[in-house]
Amino acid sequence: MSKIKKLLVANRGEIALRIMKTAKQMGITTVAVYSEADRNSLHVKFADEAVLLGPPPSNQSYLLSDKIIDACKKLQVDAIHPGYGFLSENAGFAKKVSDAGIIFVGPSPEAIEVMGSKLAAKNAVSKYGIPMVPGTDEAITDIPAAKVKALEIGYPILIKASAGGGGKGMRIVASEEEFEEQMQRAISEAESAFGDGAVFIEKYITSPRHIEIQVIGDQQGNVVYLFERECSVQRRHQKVIEEAPSAVVSPEMRKAMGEAAVKVAKACDYYGAGTVEFIVDEKLNFYFLEMNTRLQVEHPVTEMITGKDLVKEQIHVAEGHSLPFSQDDLSINGHSIEVRVYAEDPRNNFLPDIGNLKTYIRPQGPGIRVDDGFEQGMDIPIYYDPMISKLIVHDENREKAIQKMVSAIDDYQITGIETTLSFCRFVLEHEAFISGDFDTKFVEKYFSPEKLDIKWTEEEMELLAGLAVEMYERSKNQLIPIGNENGGKRTNWKNRLI
Ligand code: ADP
Ligand code: ADP
Ligand code: MG
């Protein structure tokens, strides 16, 4: 057992702040790292100590593993939490950290290495009877032989980069004629993007859901699952809205998926928090996709329904403690939804809209959580992921959680930049989302920018007309200056109309 007294968070933005908040509650001293672009960031202000890493680009700051380890030595830091992205899934970094006598809050370098390669991961779990998408289990070197295999599997197929991540490195091949060309492209893309040209093929599931299982293990070999997260609302293979539990998972299916995920974790002697991702077909068969060996962006929905603080549990097991709960101690309470709020313009092909947060007022209330790293007046830097925050709600059932999310979105006031909030509201109010009957094609099937423009119902139009008359009368009599009824405060039109 080695008690962590000082923790360095090798990350930025909302996740750095979220990790430090838990560390502080646990009485742990926190150290932030930052780039020149993040000097005034909340994670820097919140930390007890902060270290400047360098200029804004990640490869001159947040990815400088040696500089981060040196800072730990100087400041007598005894553990590093890598967050997600950046160095979090870098086995070499995890090894350097432990070789320097510092605790890495995450799994072993060996587990990161195996699961970092989609092919190695499939091989590692193949002995355990985990259902797998039909495909090749080795990197493709012989294109004609792969073509024969593709015919056997049946088109459409998906070419995937073994080292891919973040929704990148995938190509759909619709028919045999396209096979060779797409394969050449996939290999050269994988080489340039991931420095590893290994690609393989999988059957392309045409109407899939993405459902993943949160697991956590300790260094004594105990592993439990903390149920599923439904992540099927995606754009370009990247999640935008996540919820727990999933509307389609029955208790039997949950148990089967949970137990499969625990086997995947045990296949690589996993400890720490991790996520086993599955793809689910129309008949609700599930297949192993990959394992992410880190805290996931969408972990808060799991925290909301289980009442567990995943960062606290990560720190505990990193200190060498056994898990304080067993599978039977865990249960699902209510329903939680998260939307990722990006500085992107949904009316303009989701182009990043970087700038200054002129107004930034978070929604508040019971069961509403905002994980962010910004404040009013701050700039969103262009160098990193354009995610501003994650808005998370919890309520007793799915219907109430959806309602709560819609009103939380309405209460979230952001001006100065465009955000994806209006797009998220569109999804939440769509009948396919409400019914629970949707797949990863939701966005391409149902969304177009015109859908964001307000359509008034007849009843609302009448109310609006009435309001206009009333305002005209008032201004005529000059009783109250227009727009100043609330002492200059912004009028909430929606509330006034209903
Ligand atoms: P999650 O898997 O946690 O739901 P994402 O897939 O969006 O979330 O990935 C989390 C972060 O890590 C994102 O910032 C993403 O861009 C980054 N990321 C994940 N895998 C890779 C990778 N192989 N290469 C580069 N960035 C990655
Ligand atoms: P990444 O490392 O980029 O997260 P994943 O293997 O987890 O890669 O896949 C990301 C997303 O791509 C999935 O959530 C799903 O939407 C889609 N996808 C992956 N494999 C398949 C498949 N065989 N058929 C259909 N869609 C897939
Ligand atoms: Mg994935």
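For ligands, and for the atoms within them, numbers begin at 1 and follow the listed sequence.
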Below the 3.5 angstrom mark, is there an N/O of T440, backbone or side chain, next to an N/O of ligand 2?
no

M183 side chain near E180 side chain, heavy-atom distance below 4.5 Å:
no

Test item: D379 and L357 side chains (from C-beta on) under 4.5 Å apart, heavy atoms
no

Which atom, counting only N, O or S, brings E277 closest to the Mg ion (ligand 3)?
OE1

Give a yes or no on whether a salt bridge exists between R12 and D38, defined as a side-chain N under 4.0 angstrom from a carboxylate O.
yes

So that I can tick it off, tell me whether E202 and K122 are bridged by a salt bridge, with the cut-off set at under 4.0 angstrom between side-chain N and carboxylate O.
yes

Ligand 2 atoms nearer than 4.0 angstrom to some heavy atom of K160 are 6 (O), 19 (C), 20 (N)

K312 atom NZ: more than 12 heavy-atom contacts under 6.0 Å:
no

Closest N/O/S atom of E290 to the Mg ion (ligand 3), by atom name?
OE2

Can you tell me if M170 contacts ligand 2 (heavy atom of the residue under 4.0 Å from the ligand)?
yes

Within ligand 2, which atoms have a heavy atom of K118 less than 4.0 Å away?
1 (P), 2 (O), 6 (O), 8 (O)

Heavy atoms only, cut-off 4.0 Å: how does I205 contact ligand 2, side chain, backbone, both, or neither?
both

Quick note on ligand 2: atoms under 4.0 Å from a heavy atom of H210 include exactly 13 (C), 14 (O)

With heavy atoms under 4.0 Å as the rule, classify the contact between I279 and ligand 2 as side chain, backbone, both or neither.
side chain

Between T420 and R340, is a side chain to side chain donor-acceptor pair (under 3.5 Å) present by the stated rule, with each step listed?
CA-CA 8 Å; T420 50; R340 299 189 188 190; over 6 Å; no

Ligand-side contact atoms (ligand 2) for residue partner E290, heavy atom cut-off under 4.0 Å
1 (P), 2 (O), 4 (O), 5 (P), 7 (O), 8 (O)

Structural part of K203 in contact with ligand 2, heavy atom criterion under 4.0 angstrom:
backbone

NZ/NE/NH1/NH2 to OD/OE distance under 4.0 Å, K255 and E259:
yes

Is there a nitrogen or oxygen of Y204 sitting under 3.5 Å from a nitrogen or oxygen of ligand 2?
no

Min N/O separation G167 to ligand 2 under 3.5 Å:
yes

S448 and E450 side chains, donor-acceptor separation under 3.5 Å
yes

Test side-chain hydrogen bond (donor to acceptor under 3.5 Å, both in side chains) applied to T302 and Q214, R229, E228, the passing residue
R229

